[in-house]
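First comes the structure, then the notes that go with it.
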Amino acid sequence: MAGVDAARGLALIGLMAVHILPTEDETTGEPTWSYILFSGDSAALFALLAGVGLALSSGGRHRHRGRELAADRVAVAVRALLIAVVGLWIGTVMPEDAPADNILVYYGVFFLLAIPFLHLGPKALFVCAAVFWIVGPMLMQGLRDVLPAYTSDNPTFADVAQEPEATASQLLLTGSYPALCYLTYLLVGMGVGRLGLREKAIQIRLLVVGVGVAILAQTTSYLLLHALGGYARLLESSSRNEEDLEEALLWGPEDELPTDTAWWLVVDTPHTNTPLAIAASLGVGLAVLGFFLLVAPRARTLLVLLSAMGAMTLTLYTAHLVGLSFEAHYDWPYLWFTLNLAVNVLFAVLWQRTLGQGPLERAVGWASTRARRLVPTGPAVTGHDRSTG
């Protein structure tokens, strides 16, 4: 698990960098290194690895069946609800104009939607992922004008009670991490988790395929926009001039993906959740996972810091969001990022070496294990549930 945990640790660092560090160079106006490296890809890597964890906790290559599968589904449902509850609580402590969008509520929805797919093998999971890769973005753009608008970037318990339809549409289609689009990452991760991840050939294949998918997605987007008329169609269909359009293609539209033309679906800008943006981030995630799986057996000592963080991302990410709620990072972003990183690494290593699982991981794991035991499965299921790190 060292390679998987190290990849998850890198995803956490990426989210911290995106939330804290500047996205634009004040002098040149160009994207900063943190934006280029991590924007969009970190959240996608989290979702991909969540799928890997779900597959491993439900049997890996030898997937569970019968009552054992039923127990897995109950455990995942409990885990999903508890993670969503943590996310909704965080929404209540964050300011209205929060510096970050909380992925944990979406994460809970990802897990709930993954339950019907737990019995599938890798080929079926990859096919299902391909369906959501196409259908999710089409629904996101096609239904945006008829779905209710949400009022909070970070849903709370009050939002769920007072605006259930708007909150549901936000979590499924219109929010920052729409579940019906992100199921692509989750289901691909589940399919990968059903493979022999200890085999070097599989690890190399993940790395090579990931790099290839990322390059192909970005190249396809460029050709569709600049060689096949997409750029001109985007100019014609909106009130934007060329400068505004260039900014939208670099940073993403100001609010949501426009619905004036389907040509917006060919852009690959981070967080637009179009098919090619999803494919590009998915390719990066697969390459990162393949790389860490390859190097983990040979560099376990070097990866110990990343792996320790990756083994308790629920705890560390929750603490990170609570820390951001004080909005103390705006004046000294690089200092704040360095302090956050140092505290996270130190806490993760010391806690793991002395107490094992992170505090929130242990609480959620205990509850899901108790729920699993409600379903008689014969011999007890052993091992640490890695579905949330």
Take S58 and D72 through the test side-chain hydrogen bond (donor to acceptor under 3.5 Å, both in side chains) and record every step on the way to the result. CA-CA 6 Å; S58 57; D72 290 336; 4.9 Å; no
Looking only at atom types and distance, does a side-chain atom of [X] sit under 3.5 Å from a main-chain N or O of [Y], one as donor and one as acceptor?
| X | Y | result |
| --- | --- | --- |
| T269 | L250 | no |
| N154 | N102 | yes |
| Y177 | Y107 | no |
| Q141 | P258 | yes |
| S325 | V322 | yes |
| S368 | R79 | no |
| Q170 | S152 | yes |
| T167 | P164 | no |
| T219 | L216 | no |
| R194 | G60 | yes |

How about [X] and [Y]: do any of their side-chain heavy atoms sit closer than 4.5 Å?
| X | Y | result |
| --- | --- | --- |
| V86 | V364 | no |
| V74 | L374 | no |
| F292 | L306 | yes |
| I202 | R205 | yes |
| L15 | H320 | no |
| P22 | Y334 | yes |
| L88 | P155 | yes |
| L289 | V4 | yes |

Can you tell me if [X] has over 12 outside heavy atoms packed within less than 6.0 Å of its [atom1]?
| X | atom1 | result |
| --- | --- | --- |
| R144 | CZ | yes |
| R353 | CZ | no |
| F291 | CZ | no |

Would you say [Y] ends up clustered with [X] if hydrophobic residues are merged whenever their side chains have heavy atoms under 4.5 Å apart, either directly or through other cluster members?
| X | Y | result |
| --- | --- | --- |
| V135 | V109 | yes |
| L48 | V127 | no |
| W33 | I20 | yes |
| V188 | I134 | yes |
| L172 | M140 | yes |

Run the side-chain contact (heavy atoms from CB on, under 4.5 Å) test on F337 and M16 for me, step by step, so that the C-alpha distance in whole Å, both residues' side-chain angles and the decisive distance to 0.1 Å come before the verdict. CA-CA 7 Å; F337 174 75; M16 290 168 53; 4.1 Å; yes
Which residues satisfy the ring pair (Phe, Tyr, Trp, His ring centres under 6.0 Å) test with W89, sequence neighbours excluded?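 In terms of ring pair (Phe, Tyr, Trp, His ring centres under 6.0 Å), with neighbours along the sequence ignored, W89 is linked to no residue.
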Locate the shortest heavy-atom distance separating [X] from [Y]; write the atom from each residue and the value.
| X | Y | result |
| --- | --- | --- |
| S169 | P148 | OG-O, 3.3 Å |
| M190 | A55 | O-CB, 3.3 Å |
| W263 | R233 | NE1-NH1, 3.3 Å |
| Y185 | A277 | OH-O, 4.1 Å |
| F111 | I83 | CE2-CD1, 4.3 Å |
| V349 | A308 | CG2-CB, 3.9 Å |

Ring geometry between Y182 and F110 (parallel below 30°, tilted from 30 to 60°, perpendicular above 60°):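 F110 vs Y182 ring planes: parallel.
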Whether H19 and Y317 hold their rings parallel, tilted or perpendicular, with breakpoints at 30° and 60°: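 Tilted: the ring planes of H19 and Y317 meet at 30° to 60°.
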Exactly one of L294, L197, V208 should register a side chain to side chain contact (heavy atoms under 4.5 Å, CB included) with Q203. Which one does?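 Answer to the side chain to side chain contact (heavy atoms under 4.5 Å, CB included) test with Q203 among L294, L197, V208: L294.
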Hey, what do you get for [atom1] ([X]) to [atom2] ([Y]), rounding to the nearest 0.5 Å?
| X | Y | atom1 | atom2 | answer |
| --- | --- | --- | --- | --- |
| D260 | E236 | CG | CD | 11.5 Å |
| L225 | W264 | CG | CH2 | 9.0 Å |
| T315 | R362 | OG1 | CZ | 10.0 Å |
| Y231 | Y222 | OH | OH | 11.0 Å |
| W133 | L276 | CH2 | CG | 6.5 Å |
| L341 | W336 | CG | CH2 | 13.5 Å |

Worked check of side-chain contact (heavy atoms from CB on, under 4.5 Å) between T23 and S39: CA-CA 9 Å; T23 59; S39 183; over 6 Å; no
Sort and list the pairs that fulfil salt bridge (Lys or Arg N to Asp or Glu O under 4.0 Å) and have at least one residue in residues 157-175, not counting sequence neighbours.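 The answer is none; no pair qualifies.
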Candidate pair S176 and D153, rule side-chain contact (heavy atoms from CB on, under 4.5 Å), full reasoning: CA-CA 8 Å; S176 301; D153 290 329; 5.7 Å; no
Any donor-acceptor N or O pair under 3.5 Å, side chains T32, D25: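 Side-chain D/A pair, T32 to D25: absent.
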Residue from H64, R65, R73 passing side-chain hydrogen bond (donor to acceptor under 3.5 Å, both in side chains) with H119: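 Between H119 and the candidates, side-chain hydrogen bond (donor to acceptor under 3.5 Å, both in side chains) is satisfied uniquely by R73.
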Hey, mind stepping through L314 and L104 against side-chain contact (heavy atoms from CB on, under 4.5 Å) and telling me if it holds? CA-CA 8 Å; L314 178 59; L104 289 180; 3.9 Å; yes
